[in-house]
J.: 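There's a structure below that I have some questions on.
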There are 2 protein chains.
Amino acid sequence: MSKATIKDVARVAEVSLKTVSRVINNEPTVKEATRKKVLQAIEELRYQPDMSARNLRGNKSYAIALVYDNPNPYYVVDVQEGVLQACRELGYSLQIHPCNANDGDIVEELAELVRNSRLAGLVIAPPISEDDRVTDALYEQGIHLVRIISASKAPDGASPAVYVNDRAAAHAVTDHLIHKGHNNIAFLWGEEEHHSSGERFAGYRAALEEHGIPVQDSLVIEGSYSFDSGFQRANTLLSGDTPPSAIFGCNDEIAAGALAAAKSLGLRVPEDVAIAGFENSPFSKHAQPPLTTAAQSLGDIAKKAMMLLVSELRPQAVDGESASERKSEFIPELIARASTSAEAR
Amino acid sequence: MSKATIKDVARVAEVSLKTVSRVINNEPTVKEATRKKVLQAIEELRYQPDMSARNLRGNKSYAIALVYDNPNPYYVVDVQEGVLQACRELGYSLQIHPCNANDGDIVEELAELVRNSRLAGLVIAPPISEDDRVTDALYEQGIHLVRIISASKAPDGASPAVYVNDRAAAHAVTDHLIHKGHNNIAFLWGEEEHHSSGERFAGYRAALEEHGIPVQDSLVIEGSYSFDSGFQRANTLLSGDTPPSAIFGCNDEIAAGALAAAKSLGLRVPEDVAIAGFENSPFSKHAQPPLTTAAQSLGDIAKKAMMLLVSELRPQAVDGESASERKSEFIPELIARASTSAEAR
DNA sequence: GGTCAGATTGACAACGTTGACTAGATTGGT
DNA sequence: ACCAATCTAGTCAACGTTGTCAATCTGACC
């Protein structure tokens with residue numbers, strides 16, 4: 001059985017093609033009775049508009065791309081699923097575009113992608129989204145985009161953005177450790193080009209300073225967002241002269257690495273050393289002991305990002321209240337688990 | 001600057017629209033001189049055919065979906081990138097379709113997806129691809145698909161498939177351990193519904209039997225493809241009465257978990273216990289010590305899968321030799337690293 | 001009752017591409 | 001030199017949808 005078209009719907013509802021089109025597109029100039037008839041016909045025939053035809057006809061399009069250059073597959077997969085779900089709800093199709101920001105002209109690459117694939121817009125994930133040179137250049141070319149970034153306040157810039165307040169959340173995580181009695185807390189960075197790393201560090205520092213605890217350079221270590229980087233750094237720290245009583249990893253993979261390092265040194269977690277991560281990755285819950293972390297709902301974040309993008313593209317398609325909103329904040333939430341449950345010794 | 005269309009190309013090349021179309025589609029009835037003129041015009045204008053129009057016109061389509069229900073983000077991301085690259089080369093667009101095989105009627109879901117999104121075909125990844133009920137039902141509905149599965153010989157069934165010979169590779173990994181002098185080698189399963197687990201176990205068993213080493217049930221443990229599952233099982237094994245001298249994890253995450261468990265028990269790897277994984281995940285190379293594993297080039301596998309699919313869809317579009325091929329084998333390759341470099345004690 | 005503004009609906013073309021069909025050019029056989 | 005067969009290239013319509021513009025309907029008002 002082949003697919004129902006707008007034509008079939010028009011026949012069943014006894015109206016013209018155009019009227020059906022109007023109903024589909026939520027145009028206001030349709031009488032309520034007519035609208036109802038049409039909607040019923042749509043329901044009955046299980047009609048769904050054909051993306052190809054829609055994209056072809058207008059210069060509007062119902063396709064967007066998700067652009068990312070992220071080393072963390074857990075993050076990537078989560079964002080994909082969130083955006084994909086939002087796309088389904090909003091009637092868009094999704095094209096994924098993994099890329100490498102460092103080779104070639106990424107601006108040109110994305111601009112060409114938008115033209116060639118007739119895209120309505122881009123959802124850009126960190127860290128590319130945090131490079132203003134890239135996003136500004138695209139925006140100036142008239143390319144619609146929304147950024148997902150890490151920031152502690154609404155970013156400047158013309159393009160809409162969802163900003164994740166990692167700083168506030170890292171502050172909360174650090175507070176939590178301080179309240180457990182820790183005052184020599186190590187901080188393990190992720191990649192520097194991810195703003196999230198810097199923001200999380202800022203939250204860590206702010207919390208320490210608030211409690212009058214000095215930030216010790218020897219406890220703040222750079223590295224990357226990976227299990228192994230966490231393992232190695234924690235190993236060095238914990239087997240050194242003045243091991244920290246708590247370790248705050250910039251994400252859960254780092255924290256999991258730190259956890260493994262602690263165990264390999266015969267240390268008990270949380271009794272001998274407390275460990276906290278960030279991002280609430282699936283494995284953080286099942287680690288032994290489960291990891292304290294901060295949860296950001298990537299699904300909600302992605303959905304909001306799509307909403308902001310769509311309200312740029314078709315202001316009438318979204319509800320009035322949110323139509324003019326252009327920046328939206330998310331604050332990850334502290335999830336205290338066993339890996340930090342003991343009082344510092 | 002707006003996009004070049006077939007019309008522009010025709011004008012520049014001084015031929016008709018249709019002739020350009022013929023050149024694009026590799027139809028044979030074009031004189032060489034004409035073809036050259038057209039190709040040059042295409043080059044000059046940086047013309048790229050418009051997917052929407054193409055899909056709309058014929059009932060053919062140049063869009064495929066990648067269907068997966070895989071718990072491992074590393075695997076998912078790799079397969080995505082491989083298929084995506086093949087799509088670019090072959091002129092297809094890619095739609096990702098993560099799904100949950102267990103809820104709802106997956107056959108109906110996919111059939112509807114194909115109809116609604118006008119898809120030319122599906123690339124199906126494990127474990128869904130390994131459920132014959134699903135793939136047969138789809139194939140009978142006339143839906144073109146290619147499967148990526150784990151098998152030690154070409155599968156029956158009408159649909160084309162790429163089969164990864166995990167059994168042979170696991171055999172090689174086990175052989176490698178045996179040659180190092182190990183004769184009590186533990187095997188840690190992944191999820192049972194992944195054929196890869198069973199195949200890898202079959203390879204493990206075959207290698208042992210070949211060397212006259214009995215398979216000990218107490219060393220073969222079920223679980224899932226995760227770091228934590230590997231950690232826990234290895235922990236139990238290694239702290240038991242008769243710890244194995246080597247552990248073969250069904251994938252690298254399990255092996256990484258086992259590695260962490262060994263370290264946490266104060267065991268040296270590879271001196272006290274050898275550990276091997278599978279899949280050559282990015283972190284296997286950077287683990288301490290680096291993990292012995294088996295490498296499957298997901299990029300090549302995905303590309304081959306797309307080739308098989310396309311040769312179904314448009315036999316004339318691919319070279320003659322490979323046009324009739326419908327099953328293709330890949331054998332992951334043993335990568336010996338430090339985690340198994342010592343002789344068994 | 002007639003007129004007009006505004007609300008509601010419809011007819012038609014167009015988006016870029018390809019399938020079906022047709023026309024002109026070339027070749028080979030007589 | 002002529003006709004048929006074969007190659008090559010062109011014309012036109014159609015895919016499903018929406019923008020433009022015109023037609024019809026409604027009701028308020030004089």
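Below, chains carry the letters A, B, ... as their sequence lines are ordered, and counting in each starts from 1.
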J.: Scan side-chain atoms only and decide if B:Gln95 and A:Gln95 contain a donor-acceptor pair under the 3.5 Å cut-off.
T.: no
J.: Would you please name every residue forming a side-chain hydrogen bond (donor to acceptor under 3.5 Å, both in side chains) with A:Ser21, sequence neighbours left out?
T.: none
J.: What is the 5' to 3' range of DNA chain C, first to last nucleotide, that sits under 4.0 Å from any heavy atom of chain A?
T.: C:dT8 to C:dG16
J.: If you go through the side-chain atoms of A:Arg22, does one of them form a donor-acceptor pair with the base of D:dG19 closer than 3.5 Å?
T.: no
J.: Taking the side chain as every heavy atom from C-beta outward, state whether A:Met51 and B:Ser52 have any pair of such atoms under 4.5 Å apart.
T.: no
J.: Please list all pairs passing the ring pair (Phe, Tyr, Trp, His ring centres under 6.0 Å) test where one or both residues lie in residues 91-130 of chain A, with sequence neighbours left out.
T.: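 Applying ring pair (Phe, Tyr, Trp, His ring centres under 6.0 Å) to every pair that reaches into residues 91-130 of chain A, excluding sequence neighbours, yields A:Tyr62-A:Tyr92.
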J.: Over all strands shown, is A:Thr19 touching base, sugar-phosphate only, or nothing at heavy-atom distances under 4.0 angstrom?
T.: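 Sugar-phosphate, no base atom in range.
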J.: What's the separation between atom CZ in A:Arg326 and atom CD in A:Glu312, rounded to the nearest 0.5 Å?
T.: 4.5 Å
J.: For B:Met51 and D:dT17, what is the distance between atoms CE and C1' respectively, to the nearest whole Å?
T.: 20 Å
J.: With sugar-phosphate meaning primed atoms plus P, OP1 and OP2, does B:Lys31 contact a base, only sugar-phosphate, or nothing at under 4.0 Å between heavy atoms?
T.: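 Sugar-phosphate contact only.
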J.: Is it true that, when you exclude A:Gln40 itself, more than 12 heavy atoms of the residues, nucleotides or ligands shown sit nearer than 6.0 Å to its CD?
T.: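 Check fails, neighbour count at 12 or below.
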J.: Rounding to an integer number of Å, can you tell me how far A:Leu56 CG sits from D:dA14 P?
T.: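 So the CG-P distance, A:Leu56 to D:dA14, works out to 17 Å.
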J.: Using the side-chain contact (heavy atoms from CB on, under 4.5 Å) criterion, which residues pair with B:Ala63? Sequence neighbours excluded.
T.: B:Asn55, B:Ser61, B:Ser93, B:Leu119
J.: Pick base, sugar-phosphate or nothing for A:Ser52, based on heavy-atom distances below 4.0 Å to the nucleic acid.
T.: nothing
J.: Please report, rounded to the nearest Å, how far the C1' atom of D:dT26 is from the CD atom of A:Glu32.
T.: 17 Å
J.: Crowded around A:Arg46 CZ? As in, over 12 foreign heavy atoms under 6.0 Å?
T.: no
J.: What do the steps show when you test A:Arg35 against A:Arg22 for side chain to side chain contact (heavy atoms under 4.5 Å, CB included), and what is the final call?
T.: CA-CA 9 Å; A:Arg35 179 187 304 277; A:Arg22 278 192 259 259; over 6 Å; no
J.: Using only heavy-atom distances, determine whether the side chains of A:Glu89 and A:Gln85 contain a donor-acceptor pair under 3.5 Å.
T.: yes
J.: Kindly calculate the angle separating the two end axes of the helix from C:dG1-D:dC30 to C:dT30-D:dA1, each obtained from five base pairs, and round it to 10 degrees.
T.: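 The end-segment axes of the helix from C:dG1-D:dC30 to C:dT30-D:dA1 are tilted 50° relative to each other.
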J.: Indicate yes or no: does A:Asp8 engage A:Arg11 in a salt bridge with an N to O separation below 4.0 Å.
T.: yes
J.: Please state how far atom CD1 in A:Ile24 lies from atom C1' in D:dT17, giving the value in whole angstrom units.
T.: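 That distance rounds to 8 Å.
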J.: With the threshold set at under 4.0 Å for non-hydrogen atoms, list the residues of residues 42-49 of chain A touching DNA chain D in residue-number order.
T.: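 A:Tyr47, A:Pro49 - these, ordered by number, are the residues of the stretch whose heavy atoms sit under 4.0 Å from the strand.
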J.: Can you check whether any acceptor in the base of D:dT17 is under 3.5 Å from a donor in the side chain of A:Arg57, or vice versa?
T.: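 Result: no qualifying N/O pair found.
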